[in-house]
Amino acid sequence: MRSLLFVPGDSLRKLEKGLTSGADALLIDLEDSVALTAKEEARRITADFLAQHRAQAERPRLFVRVNGLTTGLIDADLDGVMRAAPDGIVLPKTVGGADVAHLGAKLAVREAEFGLDDGATRILAIATENAAGVFALGTFSGASHRLMGLTWGGEDLSADLGAETNRDEEGSYTDPYRLARSLTLLGAAAAGVDAVDSVFTNFRDMQGLAAECRAARRDGFVAKMAIHPAQVPVINEAFTPSAQAIERAQAVIAAFRDNPGAGVVGVNGEMLDRPHLLRAERLLKRTGQSSGA
């Protein structure tokens, strides 16, 4: 997945539009974008939408962002949507691996209840929406086989910190949020899951979005969340490996395959070691290609 588009769960019109956005995944929201009085209606609309489109071959992955574990709303969310078999659940306000394990247990019960394959429902954890979550970023390894990715959020974190803003005059994140972003990347690597970059809230600034995508890809993020369909093409372009990058990765893998046991190989005049092989294998995996190594 490269692009993950948030769509309010109480708007069928926006959900249908999301299907044609080109996003690799829709994050159907039952949390922040849905008023408390509209939660039940959003669950119904979301479940019906999932049931209608789940079996289609050509569709984005369908995830549901539920309300957090401490809200008293998550069980009703899961009861409402799990019968329609979403591909995954997005857990907001996650505080470490214990929260992921807690959600995993809830999902296992409902998979059994609704006749779904055990472990089929994946988890994407939003792991930095409060200070406690930032301090728990090293605890996700082994928390659940369902965990497929970690992402971070600067908006809720800024509220938790009591900050006036989370960006400076040039539009760059200030130090607390840069730290949260970096620790999310490290936490995802330690847990062996994908690192997904946060949303870019100024949906009219495509140049700023593209720059933030390039920086995220450079640092090791493999995808980015979006809040508007117009952002999806920019994100997809940024996180799609170029033909040159794929060709180079294939050359690196071939060099190690042709020299079994070698710690260092030469590729186009450059000496490369095992970390370069791992990077090449990861790049090909993102494209759906086999490394053949």
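Just the heavy atoms: all of them, side chains too, but no hydrogens, waters or symmetry mates, feed the values below. Counting begins at 1 with the first residue of the sequence.
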#### Entry: Atom of Ala180, atom of Val134 and distance for their closest heavy-atom approach
CB-CG2, 4.3 Å
### Message
I'd like to know if Lys224 and Asp24 make a salt bridge, using a cut-off of under 4.0 Å between side-chain N and carboxylate O.
### Response
no
### Query
Is any side-chain heavy atom of Thr46 closer than 4.5 Å to a side-chain heavy atom of Asp10?
no
#### Entry: Partners passing salt bridge (charged side-chain N to carboxylate O under 4.0 Å, His left out) against Asp48 (at least two apart in sequence or in another chain)
Arg44
### Task
Could you grab the distance from atom CZ of Phe49 to atom CG of Leu15, nearest 0.5 Å is fine?
5.0 Å
### Task
Evaluate the criterion side chain to side chain contact (heavy atoms under 4.5 Å, CB included) for residue pair Ile235 and Phe200; output intermediate values, then yes/no.
CA-CA 10 Å; Ile235 294 172; Phe200 186 78; over 6 Å; no
### Task
State, with a plain yes or no, whether a side-chain heavy atom of Asp156 is found less than 4.5 Å away from one of Asp32.
yes
### Message
If we ignore hydrogens and angles and just use 3.5 Å, is the side chain of Thr139 paired with the main-chain N or O of Gly97 as donor and acceptor?
### Response
yes
### Message
Can you give me the closest heavy-atom contact between Phe256 and Val265, atom names plus distance?
### Response
CE1-CG2, 3.5 Å
### For Phe239, all residues meeting ring pair (Phe, Tyr, Trp, His ring centres under 6.0 Å), sequence neighbours excluded
none
### Message
Main chain of Ala120, side chain of Asp117: is a donor-acceptor contact present, judged purely on distance under 3.5 Å?
### Response
no
### Query
Quick one: side chain to side chain contact (heavy atoms under 4.5 Å, CB included) partners of Val193, sequence neighbours excluded?
Leu147, Leu150, Ala188, Ala191
### Full working for side chain to side chain contact (heavy atoms under 4.5 Å, CB included) between Leu5 and Val7
CA-CA 6 Å; Leu5 174 64; Val7 186; 4.0 Å; yes
### Summary
Hits for ring pair (Phe, Tyr, Trp, His ring centres under 6.0 Å) against Tyr177, two or more places apart or cross-chain, chain-then-number order -> none
### Query
What pairs with Phe203 under ring pair (Phe, Tyr, Trp, His ring centres under 6.0 Å), at least two apart in sequence or on another chain?
His228
### Query
If you measure only the distance, is there a donor-acceptor pair under 3.5 Å linking the side chains of Ser3 and Asn236?
yes
### Task
Kindly check if the number of other-residue, nucleotide or ligand heavy atoms within 6.0 Å of CD (Gln56) is above 12?
yes
### Query
So, Asp160 side chain and Ala131 main chain: donor-acceptor pair closer than 3.5 Å or not?
yes
### Query
Is Glu237 atom CD crowded by more than 12 heavy atoms from other residues, nucleotides or ligands, each under 6.0 Å away?
no
### Message
Is the shortest side-chain heavy-atom distance between Met225 and Gln231 below 4.5 Å?
### Response
no
### Query
Any side-chain donor-acceptor pair under 3.5 Å between Arg2 and Thr240?
yes
### Message
Taking the basic N atoms (NZ, or NE/NH1/NH2) and the acidic carboxylate oxygens, is any pair closer than 4.0 Å for Asp197 and Arg217?
### Response
no
### Query
Does one side chain, of Thr121 or Glu111, offer a donor that lies under 3.5 Å from an acceptor on the other?
yes
### Message
By the definition side-chain contact (heavy atoms from CB on, under 4.5 Å), identify the one residue from Ile89, Leu91, Leu4 that meets it with Leu124.
### Response
Leu4
### Query
Would you find a donor on one side and an acceptor on the other, under 3.5 Å apart, between the side chain of Thr128 and the backbone of Gly153?
yes
### Task
Using the test salt bridge (charged side-chain N to carboxylate O under 4.0 Å, His left out), find all partners of Glu40 that sit at least two apart in sequence or belong to another chain.
Arg43
### Task
Answer yes or no: is there a donor N or O on one side and an acceptor on the other, between the side chain of Ser144 and the main chain of Ala101, under 3.5 Å?
no
### Message
Is the shortest side-chain heavy-atom distance between Pro176 and Leu157 below 4.5 Å?
### Response
no
### Query
Which heavy atom in Val95 sits nearest to a heavy atom in Asp99, and how many Å separate them?
N-OD2, 2.8 Å
### Message
Can you confirm whether Pro86 sits close enough to Leu62 that some side-chain heavy atom of one is under 4.5 Å from a side-chain heavy atom of the other?
### Response
no
### Task
Let me see the working for Asp87 and Arg122 under salt bridge (charged side-chain N to carboxylate O under 4.0 Å, His left out), right down to the final yes or no.
CA-CA 6 Å; Asp87 294 309; Arg122 309 304 299 278; over 6 Å; no
### Message
Are there over 12 heavy-atom neighbours, none belonging to Asp168, within less than 6.0 Å of that residue's CG?
### Response
yes
### Task
Check Pro92 against Gly68 and note the closest heavy-atom contact, atom names and distance.
CG-N, 3.8 Å
### Message
Are the side chains of Glu31 and Ile74 in contact, using a 4.5 Å heavy-atom criterion?
### Response
no
### Verdict with supporting geometry, Leu277 and Ile253, side chain to side chain contact (heavy atoms under 4.5 Å, CB included)
CA-CA 6 Å; Leu277 173 62; Ile253 291 169; 3.9 Å; yes
### Val222 side chain reached by Met1 side chain, heavy atoms, under 4.5 Å
no
### Message
For Phe114, I'd like to know if atom CZ has over 12 heavy atoms of other residues, nucleotides or ligands within 6.0 Å.
### Response
yes
### Query
Hey, are Arg167 and Tyr173 close enough side-chain-wise for a donor-acceptor pair under 3.5 Å?
yes
### Query
With no hydrogens and no angle check, do the side chains of Lys39 and Asn67 hold a donor and an acceptor under 3.5 Å apart?
yes
### Task
Considering only NZ, NE, NH1 and NH2 on the basic side and carboxylate oxygens on the acidic side, decide whether Arg181 and Asp219 come within less than 4.0 Å.
yes
### Query
More than 12 heavy atoms of other residues, nucleotides or ligands under 6.0 Å from NZ of Lys106: is that the case?
yes
### Query
In terms of side-chain geometry, is the basic nitrogen of Arg110 or Asp75 positioned less than 4.0 Å from the acidic oxygen of its partner?
yes
### Message
If I take atom CG from residue Leu107 and atom NE2 from residue His102, how far apart are they, to the nearest 0.5 angstrom?
### Response
10.5 Å
#### Entry: Salt bridge present between Arg248 and Glu270 (N-O < 4.0 angstrom)
yes
### Message
Between Lys93 and Asn130, is there a side-chain heavy-atom distance shorter than 4.5 Å?
### Response
yes
### Query
Closest heavy-atom contact between Val232 and Ala23?
CG1-N, 3.4 Å
#### Entry: Test side chain to side chain contact (heavy atoms under 4.5 Å, CB included) applied to His53 and Leu19, step by step
CA-CA 9 Å; His53 297 286; Leu19 286 175; 3.3 Å; yes
### Query
Can you get from Leu26 to Val66 by hopping between Ile, Leu, Val, Met, Phe, Trp and Tyr side chains that sit under 4.5 Å apart?
yes
### Task
Heavy atoms only: give me the nearest Ser198-Gly154 pair and the separation to one decimal.
OG-N, 4.1 Å
#### Entry: Test: Arg83 and Glu113 ion pair at under 4.0 Å
no
